Structures are given as structure tokens and as C-alpha cells.
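First comes the structure, then the notes that go with it.
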Protein chains: 2
Amino acid sequence: MDEAAYLAAYDPADFPPVAVAVDVVPLTFSAGALHVLLNRRAEQPARGRLALPGTFVRADEDLDAAAQRALRDKAGLNAPVRQFHAFGAVDRDPRMRIVSIGHMAVVDADTIAQATAAGDTCELLQISGGAVRTASNRRAALPFDHDAVLARALSDLRRDLDRDDWAFGLLPQTFSLRELQALHEAIRGQSLNKPAFRKRLIESGRLEATGEMETGKGFRPAELYRPARINHAAE
Amino acid sequence: MDEAAYLAAYDPADFPPVAVAVDVVPLTFSAGALHVLLNRRAEQPARGRLALPGTFVRADEDLDAAAQRALRDKAGLNAPVRQFHAFGAVDRDPRMRIVSIGHMAVVDADTIAQATAAGDTCELLQISGGAVRTASNRRAALPFDHDAVLARALSDLRRDLDRDDWAFGLLPQTFSLRELQALHEAIRGQSLNKPAFRKRLIESGRLEATGEMETGKGFRPAELYRPARINHAAE
DNA sequence: TGAATAGTGTCTTTCAGACAATATTCT
DNA sequence: AGAATATTGTCTGAAAGACACTATTCA
């Protein structure tokens, strides 16, 4: 049997009973801390609990597209997404075997504030010490394996912090070096040296000065920067 | 409907028609270069061509277990595996929609030589310049999206080279610093400074001197090292 | 003027690269 | 002895941390 004949006779019903989903970790940075946007589940299982937005992957849809659709449908948000890990433990979902491809989404605080204001099914929770905190700073547990998914997202975000420009998405389009340093400190969980941080980031070529200044603060305004347009990966 | 009732009524036949597979990139290091073990496909599609070993994931099997089973069944090899990326483009397989979770496997050269000698369905091909080379050093193209899978495996291997001990698996249980340096140079694609490399690796605490010496070479024997048993991640 | 932060200069420490000198084994 | 590589020492330059000093804005 040649390949064409084989494919004509191939029956997709023979595929194994494993479903594919995506879960999205929508992150943002505000008030000096990372935050994650959680969705209150409308359906069983875990109905009424806060969880990461997710959805099943459609047959004609790429993984990233499914993640963006989940984000749009459950949080009314359009944001760039990036896959970081696949979660496939046999018992991770009570319904059936579901392999979920974990995606991160990065959003600036203003955009995410609009999304949370628009509907009441989403809540923005602070992340502290690698775990989600409620308003009273109590550790909140997520359903399914979503605590592990979030932890892995944060770990991979930290790993790639100095390797690419992905984390810039957590800030507004322009930002001061103080804000950028606060972001790096929140992600890495340690304070950084100011002159060294400034020199390193500016000389990395990943930033571009806008010439504009901060405004409205009660002290000397800082210059605003944006991610450099040029891709330095080609060097 | 409460959660228990919902789960009782849940019909797994409703899951979307997307299949889950694993593809394995079995890597080793010999003769100063990385090599990948490829499997000559016994079935359609791409029958007779060399491809990465892979298999569908069973409903009661974790992702890593599926990758190890593929390696065992198609290459007669037991080796540690590590997931690195999920590949899910809609048209990546001509049969149907298949999302494949890419896994790396690391094997030392002696073990992999036994596996290739045992059967004739596998071939060990050299990797050079990020692509597979035949014996005559010509660039060989792999079926499906396996060229992209391999490229991503190499890229992630390089990224994690100084972050964890995973790449030690590409060497025998004990090895000289010269062999380790050659491995790092092959993975990074650039030559390294010898004294700096030695100092950095020894002082990293990731290595343990065995006190044993190399033998059988026509020159001064080097001390043999092994990966340190202690996990330094807890510091 | 004072508070608060921006931005910079300098000193020190750490670490990698360059280069070379000495040590050890086998033929 | 000679070949080949192991191992170590020293010098140099680059980068980061510590600390402090000057600059700028608003109240």
C-alpha cells in the first residue's frame, strides 16, 4: 500500500481517547507585584471556583490560536501568548484524560483593568511567594493542577527574563527604568543594583529611549523607554 | 447538577478529534559531535524514511512514560527523557490532527552503540550546523515537522546547558574535563577557554572528582569526574 | 526649600579570556 | 627523548555590586 492509499483508508476514529486543551496564565504587573487573571468557572467541574482560563483545542485550530480564543472568550482579552509546558498527568482532570498545553499571556495593567471591569467573572489576584494570594493575603489554592501550571509559568518567565523581550509585555508600551527594574525584581524575587541594572539593560540594545518623560509624579520625572524594534537575535 | 452528578453524566466521546503523540529526540555525543538516533519507519506515512521515534499516548499513560515506551519499542533503549515543547500545527501530520509533545532523551555513546548494533531499523546520524548529516556529510531532511522538532530540541538543550545537569547524560558515567568541554563546545557551537571552563565547572559544585584516571590514551591521563550527587537547587 | 527619585561616577570584587609554564603519561 | 595532553598560575579586561554624589521636578 503506498502512502496515498494508506491515507485514504486511514480512520481517525482509531485515535486514542486523549483530549487536548490549553490553559492560559494571563500575567500582568501592577503595584509592584505580579498578578494573574483568574476566571470563575461557569461549568462543572469545579464550578464557581477561580481557575486559569482554558478550553479544548479545535481540530482546525493551532495551539496558540486556542489559547488566544480562551483568553478572549473567558476574559475578553486580546494578548500575545507563548507556550511554556505541556501538562499530561493521567489523573489531572476528573472528567477524562486531558493533556493541556500551558500558555502564558502578558498584558499591561491598564488593559487588564478594563477587562476585569467589563465582566464580573474574572478576578485579578496578586502573586506572592510563587502562589496566588487573596485580597487578605491568604494563600489561595487553584483547582485541577493549576497551582503547578502557574508555578511552572513563573519559573519559565524567570528563566527567560534576560534571554528575550517577552516580559516587556507585562508593562505599558512605554515605561521608566524604575518600573522595569521593579518588574525584574518581582519576577526574580530579589532586589537588584540600580546602576548595574541600568547599564546592563541600556547597553543590551533591547531598549530604546523615547525622549518623553514621566509626568504626574511628585518628584523628578524619569525618561520613558520602549522595547527596541530591532531584533537582536540575528547577530 | 453537582460535580459528582456532572461527572457521572460526562461522555468522553464528546472530546474533540485531536490526537496526542510523543516524538523523541534521542541524542548522544561521540567523536566530538552530537548525534541523533533515527528510526526507519515501518509503516505509512513516510514508510522507509528515517524519522524521530514516536508513538501515540495511551489513555492511562503519562507523557514521559509514552516517550520512554517509544524509545524502548523503536530503538531498544532505556534512557531518561525530558519534555521540551509541544508541536501542534494543524497540518503537521497528513493523517489527522496530531499534537505531539517533543521529548529529548540523553544517552551515552556506548549504550546507543549497542542499540544500533542490535537492530537494523535505527541509524545514528551526526548533527552539524543544526541539521542532520548523512555519512557523506550531506544535509538530510526529516519527514513531518521533525526538522523543526530537532532544531527546537537543540536550542533548548543549549539554553539549559548551564542551568542544570541534564546534558551530563550525553556522556558516560565518568568523563574527563576535556570530554565535557568538547560536549559544551559542540552544543554551543563555539570553542571555549580551557582554564575558565575548568574553573567554572569545578567551582559550580555540579561535578565530583572520582580520583580515577583515564587510561589507554597515548598521553597524560586526565582525572575522571562524575555529576555531583547533591542537588544544589535547594541553596 | 525640602522631599523624593533620576541619573551618574567611582571604587571594589568577581569572573572569564589569553597565554604560558609546568606536570605526567605513553611510545 | 619526544609527543601529546593535563593542570595550574598569572595577567588583563569586562561586568556587576556597593556607595555616594549631583540633578531635577513638584509641593
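Each chain gets a letter, A, B and so on, in the order its sequence line appears, and its residues count up from 1. Note that the coordinates shown come from a computational prediction; the quantities given were computed from them, not determined experimentally.
The NZ atom of Lys217(B) sits 24 Å away from the P atom of dA23(C) (whole-angstrom rounding). Atom pair Arg198(A):CZ and dG17(D):P shows a separation of 15 Å (rounding to whole Å applied). When rounded to the nearest whole Å, the span between CD of Glu214(A) and P of dT5(C) equals 11 Å. Rounded to whole Å, the distance from CD1 on Ile202(B) to C1' on dA6(D) is 11 Å.
With sequence neighbours left out, the salt bridge (charged side-chain N to carboxylate O under 4.0 Å, His left out) criterion links Arg40(A) to Glu123(A). When the salt bridge (charged side-chain N to carboxylate O under 4.0 Å, His left out) test is applied to Arg158(B), no partner is found at least two apart in sequence or on another chain. Annotation: side-chain contact (heavy atoms from CB on, under 4.5 Å) contacts of Gln83(A) (sequence neighbours excluded): Leu63(A), Ile101(A), His103(A), His85(B), Ala86(B). Applying the salt bridge (charged side-chain N to carboxylate O under 4.0 Å, His left out) rule to Arg198(B) yields no partners; only residues at least two apart in sequence or on another chain are considered. Scored by the salt bridge (charged side-chain N to carboxylate O under 4.0 Å, His left out) test, Arg163(A) finds Asp160(A) as partners (sequence neighbours excluded). With sequence neighbours excluded, the residues forming a ring pair (Phe, Tyr, Trp, His ring centres under 6.0 Å) with Phe175(B) are Phe168(B), listed by chain and number.
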Protein-nucleic acid N or O pairs under 3.5 Å, nucleotides 15-22 of chain C:
| unit_1 | atom_1 | unit_2 | atom_2 | d |
| --- | --- | --- | --- | --- |
| dA18(C) | N7 | Asn193(B) | ND2 | 3.2 |

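Arg159(A) and Asp164(B) are not joined by a salt bridge, as no carboxylate oxygen comes within less than 4.0 angstrom of a charged side-chain nitrogen.
As judged by a 4.0 angstrom heavy-atom cut-off over every strand, Glu223(A) is placed among residues touching the sugar-phosphate backbone only.
Among residues at least two apart or in separate chains, salt bridge (Lys or Arg N to Asp or Glu O under 4.0 Å) pairs with a member in residues 168-179 of chain A are Arg178(A)-Glu214(A).
Residue whose closest nucleotide on DNA chain C sits further toward the 5' end, between Met213(A) and Gly218(A): Gly218(A).
Using a 4.0 Å cut-off on heavy atoms, the residues of residues 176-190 of chain A that approach DNA chain C are Arg178(A), listed by number.
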